[in-house]
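Atom set for the values below is all heavy atoms of this structure, side chains included, hydrogens, waters and symmetry mates excluded.
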Amino acid sequence: VSAVKEKKMGARFIELLNVLIKTAIMGLIMAGIILINRKYLMEGNVNSGTFSIPMNISMYTLIVIIITSAVQSVFGVGVLLFGTPLLLLQYEKLTLVLPIVLPISIAINIFQVVKHYKYIDTDFYKKILFITIPFVIVFLALVLSLEAKFKNLGIGIFVGLFMLFVALKSYSRRIEQILKAFVRYEKTYFIVMGIIHGLTNLGGSLLTAIAHEKNYPKDTTRVTVGVSYGTFALFQMLTLLLAVIGIINIPGFAAENMNISFSNVIYLVVGVVIFLITEKFLYTNIDNEKYNKIFGIFLFLSGILLIVKSL
């Protein structure tokens with residue numbers, strides 16, 4: 001009897017520890033956003049309107065976050081993959097969208113990883129960490145530099161065309177063969193994934209494709225995709241924070257181009273609440289086949305809208 005009680009107490013302790021870890025990491029993410037706001041307010045920066053504490057909640061942004069957070073809660077990807085092109089329709093610049101979507105994506109993936117970390121394919125994740133991530137950082141820096149130098153430089157058309165390409169893979173043998181060819185050459189595939197994600201935030205599409213190609217069990221698929229996707233976002237956010245604070249220097253990048261405000265904290269909280277609801281009521285009821293159909297339709301429509309917006 002005592003052994004059973006000790007086992008239950010141990011399980012409760014681990015559960016409590018997991019909750020504390022999640023809370024601490026969420027606190028750090030929100031603290032980082034608030035500290036940056038305070039930094040610019042205290043310095044009296046002429047561009048302080050971009051970093052101001054007063055909230056300006058966009059209903060369109062809120063709806064996008066609710067939908068994409070629900071998708072990512074089930075499949076491990078969504079906030080960056082779907083949220084970026086949809087928010088580009090409103091904000092037009094990647095540097096205005098990233099501070100909104102990155103913290104939400106990281107938070108949701110942390111919850112997923114803490115729950116199913118035992119199922120992570122560590123060999124796959126090592127390739128993400130050592131092959132893909134360096135290219136994510138380099139090409140994100142390139143985008144930051146170009147958008148700072150050329151006010152009218154947009155990547156919407158490129159993002160839209162790529163989304164259409166991926167969306168049509170279920171209807172075109174040729175496109176499917178091209179994607180499968182990428183999967184066969186894993187090193188090249190992981191490099192391309194890093195480049196695409198650094199430039200457009202759409203690396204999640206390639207990530208999902210290769211994960212499904214490996215025919216993982218459901219929990220392994222979500223947590224492996226989730227930890228990889230979360231690592232994408234984590235290194236992107238670190239790059240942005242270091243650039244804004246001034247620790248790293250990206251030629252042509254100006255902090256005032258960033259959209260960092262207290263509103264982002266509200267968006268983050270909404271994303272986490274949506275995850276908790278979706279995890280409980282939807283995750284166990286949606287299979288990969290349903291996801292693939294919804295994924296293709298959503299990508300196609302978003303790609304068309306983004307291309308039309310960019311013309």
Handout entry: Residue pair Val101, Val64: steps toward the side-chain contact (heavy atoms from CB on, under 4.5 Å) verdict
Key = CA-CA 10 Å; Val101 297; Val64 169; over 6 Å; no
Practice task
Output, in order, the C-alpha distance, side-chain angles, deciding distance and verdict of side-chain contact (heavy atoms from CB on, under 4.5 Å) for Phe235 and Val136.
Solution key: CA-CA 8 Å; Phe235 277 91; Val136 171; 5.5 Å; no
Practice task
Output, in order, the C-alpha distance, side-chain angles, deciding distance and verdict of side-chain contact (heavy atoms from CB on, under 4.5 Å) for Ile104 and Ser69.
Solution key: CA-CA 8 Å; Ile104 300 170; Ser69 294; 3.7 Å; yes
Practice task
Start with the C-alpha distance between Lys280 and Leu276, add both sets of side-chain angles, then the distance that settles side-chain contact (heavy atoms from CB on, under 4.5 Å), and finish with yes or no.
Solution key: CA-CA 6 Å; Lys280 186 169 182 66; Leu276 295 173; over 6 Å; no
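In this structure, the separation between CD1 on Ile196 and CD1 on Ile191 is 13.0 Å, given to the nearest 0.5 Å. In this structure, CG on Leu98 lies 11.0 Å from CE on Met237, to the nearest 0.5 angstrom. Taken from CG in Leu129 to CZ in Phe232, the straight-line distance is 10.5 Å, to the nearest 0.5 Å. Here Arg222 contributes atom CZ and His116 contributes atom NE2; the two are 6.0 Å apart, rounded to the nearest 0.5 Å. Taken to the nearest 0.5 Å, the CG atom of Leu234 stands 9.0 Å off from the OG1 atom of Thr239. Here the OG1-CD1 distance, from Thr84 to Ile100, works out to 10.0 Å after rounding to the nearest 0.5 Å.
Smallest separation of non-hydrogen atoms from Gln112 and Gln72: NE2-O, 2.7 Å. Listed here is the closest heavy atom pair of Ala70 and Thr278: O-CG2, 3.5 Å.
Within the 4.5 Å cutoff, the side chain of Phe275 has no heavy atoms near those of the Asn109 side chain. Put simply, the side chain of Tyr229 reaches to within 4.5 Å of the side chain of Leu207, judged on heavy atoms. When side chains are defined from C-beta on, Met193 counts as touching Ile128, because their heavy atoms get closer than 4.5 Å. Two residues are said to be in side-chain contact when any heavy atoms from C-beta on lie closer than 4.5 Å; Ile131 and Tyr189 fail this criterion. Within the 4.5 Å cutoff, side-chain heavy atoms of His197 are placed close to those of Leu80. For the pair Ile57 and Tyr267, the minimum side-chain heavy-atom distance is below 4.5 Å.
Checked options Val272, Leu268, Ile274; the residue passing with Val270 is Ile274 (criterion: side chain to side chain contact (heavy atoms under 4.5 Å, CB included)).
More than 12 heavy atoms of other shown residues, nucleotides or ligands fall within 6.0 angstrom of atom OH in Tyr125.
For Tyr91 and Tyr60, the distance between ring centers is not under 6.0 angstrom.
In this structure, Thr224 contributes its side chain and Asp121 its backbone to a donor-acceptor pair below 3.5 Å.
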